[in-house]
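By convention in this document, chain letters (A, B, ...) are assigned in the order of the sequence lines, proteins followed by strands, and residues within each chain are numbered from 1.
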Amino acid sequence: MRKFILGLMLTTSLAACVEGERPKSNSSASDGVVVSSEFEGLPELEIEEVGLVQELPSDYPSNYIFAHNMNFYSILDGNINIIDTAADTLEFKGMINAAQMASFAQSKSRNELYVSETYYSRGTHGKKTDVLTIYDMATLNIKDEILLPGGKRGQSVIQKGSLQLINDEKLALLWNFTPASSISVIDMVSREIVTEIPTPGCALTFPLRGAAFATLCGDGKVASFVIDGADVSRTISESFNDIDDDAMFMKSARVGNTQYFPTFTGNVRPISVGTEQAIPLEEWSLVTPAERKDNWRPSGWQVVTAQPNGNLFVLMQNNGEEGSHKAGGSEVWIFDVEAKKKIGAIKLDKGGLSIEATRGADGHLVVTNLEMGLEVYSFDGNLQRSIIVNDTATPFLLHAAK
Amino acid sequence: MRKFILGLMLTTSLAACVEGERPKSNSSASDGVVVSSEFEGLPELEIEEVGLVQELPSDYPSNYIFAHNMNFYSILDGNINIIDTAADTLEFKGMINAAQMASFAQSKSRNELYVSETYYSRGTHGKKTDVLTIYDMATLNIKDEILLPGGKRGQSVIQKGSLQLINDEKLALLWNFTPASSISVIDMVSREIVTEIPTPGCALTFPLRGAAFATLCGDGKVASFVIDGADVSRTISESFNDIDDDAMFMKSARVGNTQYFPTFTGNVRPISVGTEQAIPLEEWSLVTPAERKDNWRPSGWQVVTAQPNGNLFVLMQNNGEEGSHKAGGSEVWIFDVEAKKKIGAIKLDKGGLSIEATRGADGHLVVTNLEMGLEVYSFDGNLQRSIIVNDTATPFLLHAAK
Amino acid sequence: MKFLDKLTEKTTRKIAHKSSRRGFLTKIGTVVVGTAVVPLLPVYRAHANPASASKYPGVGAQSTGNPQDPGDPTSCDYWRYCAIDGFLCSCCGGSASSCPPGTEMSPITWIGTCQNPADNRNYIISYNDCCGRSSCGRCLCNRNEGDRPMIRPQLNNDINWCLGTESQIYNCSTAVLIGVALDG
Amino acid sequence: MKFLDKLTEKTTRKIAHKSSRRGFLTKIGTVVVGTAVVPLLPVYRAHANPASASKYPGVGAQSTGNPQDPGDPTSCDYWRYCAIDGFLCSCCGGSASSCPPGTEMSPITWIGTCQNPADNRNYIISYNDCCGRSSCGRCLCNRNEGDRPMIRPQLNNDINWCLGTESQIYNCSTAVLIGVALDG
């Protein structure tokens, strides 16, 4: 065995080298015979610094997406992955942990990420701690955490309605379930819990104007709450959600001042959210009579998304039936919500479980396919790239960067 | 939608039904038309109790194996799976968690399982706790835990030498690494830490007779320690392990009073362990000159196992070379250690990363294959069955039930 | 990445179809609130062998031993699983109606109504979760017949129903037969 | 279960061969103990695309932009990775020589010697781990040239080298160029 001497020499920069110009592949060395190469006479590669850690812009580009990996095979070790869906290189930007069916939200005004999650002192057992963890968007370092008392944080397959920001991102709404249902209101500026609102028979939230939110209820109604400090006022609608025979999905997307909820059998229910009170509007059909006969229906997990001031996208399957509403879809249908009309369809390469439209003029549609990879489509249906979140990830939920 | 009335009726037993006799498959119901079946007139199926939890025998059959899943894709959520390798049904018996590159041992005399592991108060961060967790073998419930002070528990790809029981299972030996190396000695009857033995330059342990153990060291020697309460005496051998050019694997197997360590290039080093002092014996070759020319070498993770009073098994690859020692093998070679001779070879269906022989006269060879499933072979090389640990498991290490 | 197999959609859907014309538990759930209200978990997908859609590779087949309770409890298309969501306890050291050693069965649970193809009766199935150990990881199975959104929690399998147990960590799901649904 | 791809053995072995006649770090490791002594992790296996052995599916290719530092840092056969073990930080939001946001680079590390095929020099590579987030899960790569058992810790990649960091949780591995190995 030969002996080596360690030479720690700082070499001069090789910036002069032309990018992309590849060396001739004549580097195979055998039995100690060093084959000459065009770089033979050049200075050694520059020595690198140890300890470097990457940072991100604190304001993420609109092509970034948060792929929330529930990590079904190790649920207590879930995570949220930041991915540049427009990049063909360096597409994976970083990861934050998100334990035990966590919920996620982002604040554009404070450049913070929020994860409400649950830990046990011994991983799977021991003392339980519910906590809302606050990350800095540039460093992805933890800035703070807010302890959530009472052990009541609702846990479910990951979804958007379990953590929402309202009132210009000043208040966070956390869904609790014990199985009694309530909403904890947290002031994200002072980082204090403001109040807890009992919501018996209701679940999850979606924002209204100002310090107000709405929640769907088991009697088919929608309840609206206005928060004024610790004071809360409530209004309730008539019953309109036919949960038995044509339930609204509890996944929705907003276009302008309207929140759109697809239903199990292929309709969509708009709810006006432009004021402090949710007002159910008239339902319309996502499908033609012929499509209905073929049982084209929404199906998947996050089955709906939208361009904030544009079109609505719904993940659709045909031959749907009772019990197939989480099967996933084969196409994404695009709707003009003003005309209440389908204006396009994207056939998915590997099916879809969840969909999310990125924001901005150059946006695109991101799909969690049925093999648990991501696929990025242009809005006119061209597959642009495939991105793996990680080898064993189950990224059921996608959040477009604000 | 029709209305149902809940009938909670306790039905009479159907024990009279002949096992294996299948009903004619005429049960398809369409449009509410119930097709008659041969069971139509029979009593309803018996109502079952809610809350039942299975138990295991406290003394496990010799066909059981502990498949330690390091869970490489969520290392902090590893686990140990109890599997009956002789069963074609009900082969999966249960699971205990084993966090963050845990170590595992079993006590036959106390019917206990031991897992030394590491937790953080916030999963991936926060306050760190090293702990040795004690499970009851029959219920798999946690009986107790022993806190391990100092945050020094050694973490590595899972291996047997990091937790060993000696002195009729009374003492446990835990490997520490900070990167200073030491061994913690724990009295498993009183569940108290007895002492910590500095082992600079050495790592892991294997048992000697009585309250004594050995450890391999970086200078090529083996050190032996005898524990007498908190007093420890030490002896050290001459240097014999050529770590540079033909390193001993730190995986070994015992036949009778000898511990066998394969080496990187295809030899095996026996060490006498029948007394309180480890005595290196003469190395012999696992390969013939012709096999050596073809570079048949041990390769994989746990590359060696044995029948306690029988033959030695080594996982072998051909075309081996520097750096290929963890690649995994294509065959398992069987050696008569008295004759120092190969007496058989098992060609593996899907390669092997780790191997383990179960105990008892009806034993067999269990292999973690390169697709991370288990395969069970008879000792004469017949593939008997394939068993999946779980869909995303990385079961790098197998422990046969004592 | 191929460990989640979309082929099984077909299997699952076939079964779902079998009883989709039957009634669901929409009215019953609230009646059984005593024992009641069930298990966890997400998405319509099972992990079956493409060669034999009803069989998970590397998992030994089982039988109830009772011809009036037909099928394989380690298969996602076993009749009792018409609304289950998660890892089948039958594959995890438990059975269709019992938990693996070392886990705790959730006392709160969600209810489904499944048709037994042998006697054509509709049985009430309580999908109690087993809790306190992390994901079993074998036999992932999701069927949603009668599943309704979370505002009907007693009919929803997306909620982590490891509630009322010492730990909320989810291990696997059972399908306990707790009654008969009579068509009135 | 197919996510661990044994095809890549071949890739990895080919590379290993390329420099296997070169010297290893057996004598050098101890010299660099200041910075020194490296990363974590286990078993000779990389997760490459069978169609193109050097490419992980769903991971965008990269280039150093320097022809004297050839190859793709998201590929297990990139020359610097001759003794790496774990998830490649280049695929995880870091690079070959830096950690992803939110993680911390281990100050203690293990050293390898890899031959740069462009200039035929042997460089000293420090395989520092990034710590404090759980497994990145992308681009699992294991190569063991010069790896020796744990009694030579400075030459061993089985040890969890997330030591001296705030958290010992392992996220991914870098390959920092810290010097040149001169053949004396």
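For the residue pair D:Pro101 and A:Leu140, the shortest heavy atom distance occurs at CB-CD1, 3.7 Å. Residues A:Ile388 and D:Val59 share a closest heavy-atom pair of CG2-CG2, 3.9 Å. Here the closest non-hydrogen pair linking D:Tyr123 and A:Leu45 is OH-N, 2.9 Å. For the residue pair D:Arg121 and A:Leu42, the shortest heavy atom distance occurs at NH2-O, 2.5 Å.
Here the side chain of A:Glu48 pairs a donor or acceptor atom with the backbone of D:Leu177 at under 3.5 angstrom. A:Ser386 places no side-chain N or O within 3.5 Å of a backbone atom of D:Gly58 that could act as its donor or acceptor partner. D:Gln68 places a side-chain N or O within 3.5 Å of a backbone atom of A:Pro43 that can act as its donor or acceptor partner.
Atom CG of D:Asn116 is separated from atom CD of A:Glu44 by 11.0 Å, given to the nearest 0.5 angstrom. Remark: A:Ile47 CD1 to D:Ser126 OG distance equals 11.5 Å, nearest 0.5 Å. Atoms CG and SG, from A:Leu52 and D:Cys89 in turn, are 12.0 Å apart once rounded to the nearest 0.5 Å. Taking OG1 from A:Thr89 and CG from D:Asp72, the interatomic distance works out to 7.5 Å, rounded to the nearest 0.5 Å.
When heavy atoms are compared at a cutoff of 4.5 Å, A:Glu375 does not approach chain D at all. For D:Ala175, the part sitting under 4.5 Å from any heavy atom of chain A is the backbone (N, CA, C, O) and nothing else.
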Show every donor-acceptor pair shorter than 3.5 Å between a side-chain atom in residues 91-99 of chain A and any protein atom, with sequence neighbours excluded, or say none if there are none.
{"unit_1": "A:Glu91", "atom_1": "OE1", "unit_2": "D:Gly60", "atom_2": "N", "d": "3.2"}
{"unit_1": "A:Glu91", "atom_1": "OE2", "unit_2": "D:Gly60", "atom_2": "N", "d": "3.1"}
{"unit_1": "A:Glu91", "atom_1": "OE2", "unit_2": "D:Arg138", "atom_2": "NH1", "d": "3.1"}
{"unit_1": "A:Glu91", "atom_1": "OE2", "unit_2": "D:Arg138", "atom_2": "NH2", "d": "3.1"}
{"unit_1": "A:Lys93", "atom_1": "NZ", "unit_2": "A:Leu90", "atom_2": "O", "d": "2.9"}
{"unit_1": "A:Asn97", "atom_1": "OD1", "unit_2": "D:Ser134", "atom_2": "N", "d": "3.2"}
{"unit_1": "A:Asn97", "atom_1": "ND2", "unit_2": "A:Asp77", "atom_2": "OD1", "d": "3.4"}
{"unit_1": "A:Asn97", "atom_1": "ND2", "unit_2": "D:Ser134", "atom_2": "OG", "d": "2.7"}

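Within a 6.0 Å sphere centred on CD of A:Gln384, other residues, nucleotides and ligands contribute more than 12 heavy atoms.
Within residues 78-87 of chain A, no residue approaches chain D closer than 4.5 Å by heavy atoms.
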